[in-house]
Visitor: 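Would you mind keeping the following structure in view while I ask a few things?
Just so we're on the same page: letters track the sequence lines, and every chain starts at 1. Side-chain atoms are counted along with the backbone in the values below, which use heavy atoms only and exclude waters and symmetry mates.
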Number of protein chains: 2
Amino acid sequence: MRILIVEDDASVSHWISSKLHVSGHSCKLVDNGEDALKFIKNEVFDVILLDRIIPKIDGIQLLGLLAGDPHPPVLILSANDQTSDRIEGLRAGADDYLGKPFDFAELLLRLERLYCRSKQVASSNFIKIKDMIINLERHEVTRSGHRIDLTNKEFKLLYVLAEHPGQTVTRSMLLEKAWGYHFDPQTNVLDVHLSKLRNKLDGGSKNPIIRTIRSVGYALG
Amino acid sequence: MRILIVEDDASVSHWISSKLHVSGHSCKLVDNGEDALKFIKNEVFDVILLDRIIPKIDGIQLLGLLAGDPHPPVLILSANDQTSDRIEGLRAGADDYLGKPFDFAELLLRLERLYCRSKQVASSNFIKIKDMIINLERHEVTRSGHRIDLTNKEFKLLYVLAEHPGQTVTRSMLLEKAWGYHFDPQTNVLDVHLSKLRNKLDGGSKNPIIRTIRSVGYALG
DNA sequence: TTAAGACTATGCGTATTCTGATTGTTGAAG
DNA sequence: CTTCAACAATCAGAATACGCATAGTCTTAA
């Protein structure tokens, strides 16, 4: 994730950014509302971590300025953890709120949630289903933490399924999306690749992640 | 919004529900996890308000059971407002978390946010008749909560009937829609499959969901 | 040349669908 | 009230379709 941290207390912002780095995310630090606004307008971030009280433009004001046009989800970080403050923050358009002092694990979790959510809406950088994470950018799939190597076709197949988690995706849909066939090829390509995919994903475990809906298609989850 | 409140402390749940009523929302109250699960399976809610500690099935467990298939967003309500608890709740699949004591305004705000968000993502596609839910996307039928496995033909048949709930669907209509026959096949395919469907749907119970309209066709409900 | 991935061919086991015969119901005519 | 014919429901077995696995072929890129 690319994260913009808007926070005037340097010790806090550095602590957060170093921790986020370790978790594999990249951060940009900014200590006032004015600069924050500039960066938001000019660069692409996945999430914004916003302290409520910052110089020049206050956090809430900043949200007001952002409102209307599309922007990354905002998590407000604040020393005031009164409900009234939380309400104010959320009303102003924040997507989440975390009071200080906070736990880094919780911060990370919330950031990731925001990220997933926004991605799912404005389609795609990683999709999460049960304990499986599909990273579209990196073409990488992990299940309960450890990597699973997929071939290109397998990945495409999984991706098409993952676009509609839980829903039944018809065979023709799969053929169309993963192969570009607009007709029924008289072969069993689909079956073969799906079989392989299945093996890799839940290699023999009960509780398979891909269900078969006979004579219709397949479904994830 | 239609809200399911899962909370064993009657005073709390009544307070919330009355307030929500005033705000123009309708609530269903449930005081244990088991009933909650039943209701979630059988009825349609926009949001679920879930107390963490409830009888029979714990809040976190309940989330585990829901995970995987689509369900309304869940806001956890809990006396424990430690970060570790919050993390646990969110990890388990909750969509938001609010610690007691809380402010009603904040609760309402958060519920509305959850609702808006879920509306944006998916308007799931299903038909409900009595205690039966036909989920078209998932190609799945449940009756009073538990799944009923149907073959493709059976599903199609049911679907054609369900498109006109209560109305009589003629035999020729069924043959046409489910088989693509534009004529009367001189067999009793329809009868056979309808018989099977009936068995699966209301396996011997009185109060069958499919009625026979003699010499015309069938009707649902 | 090798190796990996994508596709084809084939066969097996099983779930599903269909057929035809049998039994059960219903409602109107006698 | 009985009888009868039309219609509906059920059953078992035959026929079929479908999904899955395995093994082999083809293509491309290292």
Visitor: Please enumerate all residues that pass salt bridge (Lys or Arg N to Asp or Glu O under 4.0 Å) together with B:Arg113, with sequence neighbours excluded.
Guide: none
Visitor: What's the CG-C1' distance between A:Leu197 and C:dG5, to the nearest Å?
Guide: 14 Å
Visitor: Would you list the protein and nucleotides 8-12 of chain D atom pairs, both N or O, that sit under 3.5 Å from each other?
Guide:
from, atom 1, to, atom 2, distance (Å)
D:dA8, OP1, B:Ser215, N, 2.4
D:dA8, OP2, B:Arg171, NE, 3.4
D:dA9, OP1, B:Arg198, NH1, 2.7
D:dA9, OP1, B:Thr212, OG1, 2.7
D:dA9, OP2, B:Tyr218, OH, 2.7
D:dT10, OP2, B:Ser195, OG, 2.7
D:dT10, O4, B:Asn188, ND2, 2.7

Visitor: Considering residues at least two apart in sequence or located in another chain, which fulfil the side chain to side chain contact (heavy atoms under 4.5 Å, CB included) criterion with B:Val192?
Guide: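 Result, side chain to side chain contact (heavy atoms under 4.5 Å, CB included) vs B:Val192: B:Asn188.
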Visitor: Check the phosphate of C:dA15 against B:Thr151, side-chain N and O only, distance under 4.0 Å to OP1 or OP2. Yes or no?
Guide: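 So the side-chain polar atoms of B:Thr151 never come under 4.0 Å of the phosphate oxygens OP1 or OP2 of C:dA15.
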Visitor: Rounded to whole angstrom units, what separation is found between the CG atom of B:Asp149 and the P atom of C:dT17?
Guide: 13 Å
Visitor: By nearest nucleotide on DNA chain C, pick out whichever of A:Gln186 and B:Trp179 is the more 5' one.
Guide: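 That would be A:Gln186.
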Visitor: A:Leu220 and side chain to side chain contact (heavy atoms under 4.5 Å, CB included): which single residue from A:Thr168, A:Leu161, A:Val169 fits?
Guide: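 Answer after filtering A:Thr168, A:Leu161, A:Val169: A:Leu161.
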Visitor: Provide, to the nearest angstrom, the distance between the NZ atom belonging to B:Lys156 and the P atom belonging to D:dA17.
Guide: 14 Å
Visitor: Measure the distance from CZ on B:Phe155 to P on D:dC18 and round it to the nearest whole Å.
Guide: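 The answer, rounded to whole Å, is 17 Å.
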Visitor: Nearest whole Å is fine: how far is C:dT26 C1' from B:Arg211 CZ?
Guide: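 Computing the B:Arg211:CZ to C:dT26:C1' distance gives 17 Å.
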Visitor: Rounded to the nearest angstrom, tell me the gap between atom CG in B:Leu157 and atom P in C:dT16.
Guide: 15 Å
Visitor: Taking OP1 and OP2 of C:dG5, is either one under 4.0 Å from a side-chain nitrogen or oxygen of A:Lys153?
Guide: no
Visitor: Going by the side chain to side chain contact (heavy atoms under 4.5 Å, CB included) test, name the single residue among B:Leu98, B:Leu20, B:Ile16, B:Asp46 that passes it with B:Leu111.
Guide: B:Leu20
Visitor: Would you mind reading off the distance between A:Asn152 atom CG and D:dT27 atom C1', rounded to a whole angstrom?
Guide: 15 Å
Visitor: Compute whether any side-chain donor of one residue and acceptor of the other, for B:His182 and B:Glu176, lie under 3.5 angstrom apart.
Guide: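 Short answer, yes.
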Visitor: Check this for me, if you would: do B:Lys177 and B:Glu163 make a salt bridge, where the nitrogen-to-carboxylate-oxygen distance has to be below 4.0 angstrom?
Guide: no
Visitor: Between atom CG in B:Leu150 and atom P in C:dT16, what is the gap in whole Å?
Guide: 10 Å
